[in-house]
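To start, the structure under review is shown below, and the notes come after it.
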Amino acid sequence: QIAKRDGKELQFFSPEIKSYREQLLLENEMQSALQNEHFEVHYQPQYHSATSSMIGLEALLRWKHPDKGWISPGEFIPLAEESGLIVPLGEWTIRKVCEQIKEWQEHGLEVPKIAINLSLKQLLHTNFPKRVLEIIHQEQLNPCALEFEITESVAIDMDHAAEAIRSLKESGFSISMDDFGTGYSSLNALHKLPVDKLKIDRSFVQNILNDEQKAGILKTIIDLTKHLDMMVIAEGVEKQDEVQFLMQNGCEYIQGYVYSKPLPPMELAKRVQFEMIR
Ligand code: C2E
Ligand code: CA
Ligand code: CA
Ligand code: CA
């Protein structure tokens with residue numbers, strides 16, 4: 001981009017070009033981070049609000065950069081999707097989660113279902129359902145140990161996505177619809193896909209006590225899940241009065257800072273009460 005100021009031509013990198021250079025650098029670094037195991041999986045518990053019992057965990061990826069410290073997935077997942085690195089990175093994540101489940105089980109803990117986020121690219125990658133099944137079998141686990149979170153972005157290529165999702169379901173994996181209501185084809189996606197659980201996006205939970213319209217939408221989403229016989233969980237819940245509101249309106253499952261932030265496995269095992277098998 002060229003800009004003219006005081007008759008002189010100034011040349012500078014536009015933000016896009018600058019960030020493109022940064023992107024390239026990050027992409028390269030991500031590649032070696034994967035090889036050097038600089039990624040970690042943290043886990044955020046999901047609770048049944050009335051009994052305060054943990055019903056699930058969501059696996060969330062973290063990148064521990066040697067110089068920059070922790071980099072959030074909001075920053076690197078889009079890049080990984082663009083470059084295609086999401087496929088090996090996603091597979092690493094699934095394997096890591098399986099290993100974690102095994103480790104906790106060996107310590108006599110009853111591990112709840114663990115939800116793993118899936119990018120559309122991963123889902124549509126050749127033989128994805130077969131690959132995960134292989135990983136699960138290699139780790140000697142049952143597919144019911146895992147849930148996959150998809151988003152309404154699957155509507156971009158609904159036929160192929162639906163095929164992959166059906167195949168995952170047939171193998172015994174659970175499917176949940178993440179960020180519900182924020183995409184452009186929520187109802188269509190729900191109608192076409194065998195989804196077990198719906199996650200209400202944080203944007204519909206925030207400020208519900210002061211926003212009647214939002215409360216109306218929230219109640220309607222909850223009603224919808226009852227009609228469709230689906231589980232419903234609210235995410236990004238930060239306040240106790242939000243928990244009360246959700247409970248009163250039929251949403252019993254809650255994920256959010258009100259209970260816990262995503263935690264590294266060691267910390268989670270220390271802080272959270274797992275049921276003991278023995
Ligand atoms: P998401 O799947 O919607 O995950 C929920 C995000 O909300 C997480 O951010 C979580 O830390 C944050 N969160 C949880 N509770 C609260 C709360 O009470 N208040 C607020 N303000 N935030 C809360 P995180 O970990 O930074 O992840 C961001 C996004 O990156 C995720 O959004 C997901 O789309 C993506 N992501 C993370 N891990 C993976 C992965 O392994 N694979 C793929 N494909 N995407 C991932
Ligand atoms: Ca998610
Ligand atoms: Ca979400
Ligand atoms: Ca989100």
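For ligands, and for the atoms within them, numbers begin at 1 and follow the listed sequence. Quick caveat, the model's predicted, so the values are computed rather than measured.
Remark: among candidates N117, V258, I150, I86, the nearest residue to atom 40 (C) of ligand 1 is N117, based on non-hydrogen atoms. Proximity annotation for atom 11 (O) of ligand 1: of G90, P262, A59, P262 comes nearest, heavy atoms only. Summarising the contacts of atom 18 (O) of ligand 1 with F148, Y257, W70, the nearest heavy atom is found in Y257. Across D178, L60, I254, heavy-atom proximity to atom 8 (C) of ligand 1 is greatest for L60.
Under 4.0 Å from ligand 1, the heavy atoms of R62 that appear belong solely to its side chain. Residue contacts with ligand 1, taken as heavy atom pairs separated by less than 4.0 Å, involve Q122 solely via side-chain atoms from C-beta onward. Contacts with ligand 1 closer than 4.0 Å are made by side-chain heavy atoms of E58 only, the backbone lying farther away. Residue R202 touches ligand 1 through its side chain alone, judged by heavy-atom distances below 4.0 Å.
Of all N, O or S atoms in D178, the one lying closest to the Ca ion (ligand 2) is OD2.
Expressed to the nearest 10°, the angle at the Ca ion (ligand 3) joining OE1 in E235 with OD1 in D179 is 150°.
Short contacts between ligand 1 and G256, defined as distances under 4.0 Å to a heavy atom of the residue, involve ligand atoms 15 (N), 18 (O).
At least one N, O or S atom of E58, from either the backbone or the side chain, sits less than 3.0 Å from the Ca ion (ligand 2). The Ca ion (ligand 2) lies under 3.0 Å from an N, O or S atom belonging to E149.
Here the CZ-CD distance, from R202 to E242, works out to 8.0 Å after rounding to the nearest 0.5 Å.
Among the atoms of S119, some N or O lies under 3.5 angstrom from an N or O of ligand 1. Considering both main-chain and side-chain atoms, Q255 never comes within under 3.5 Å of ligand 1 through any nitrogen or oxygen pair.
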Pair L168-F128, side-chain contact (heavy atoms from CB on, under 4.5 Å): steps then yes or no: CA-CA 9 Å; L168 288 169; F128 176 76; 4.1 Å; yes

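Side-chain atoms of L123 and V154, non-hydrogen and from C-beta on, do get closer than 4.5 Å to each other.
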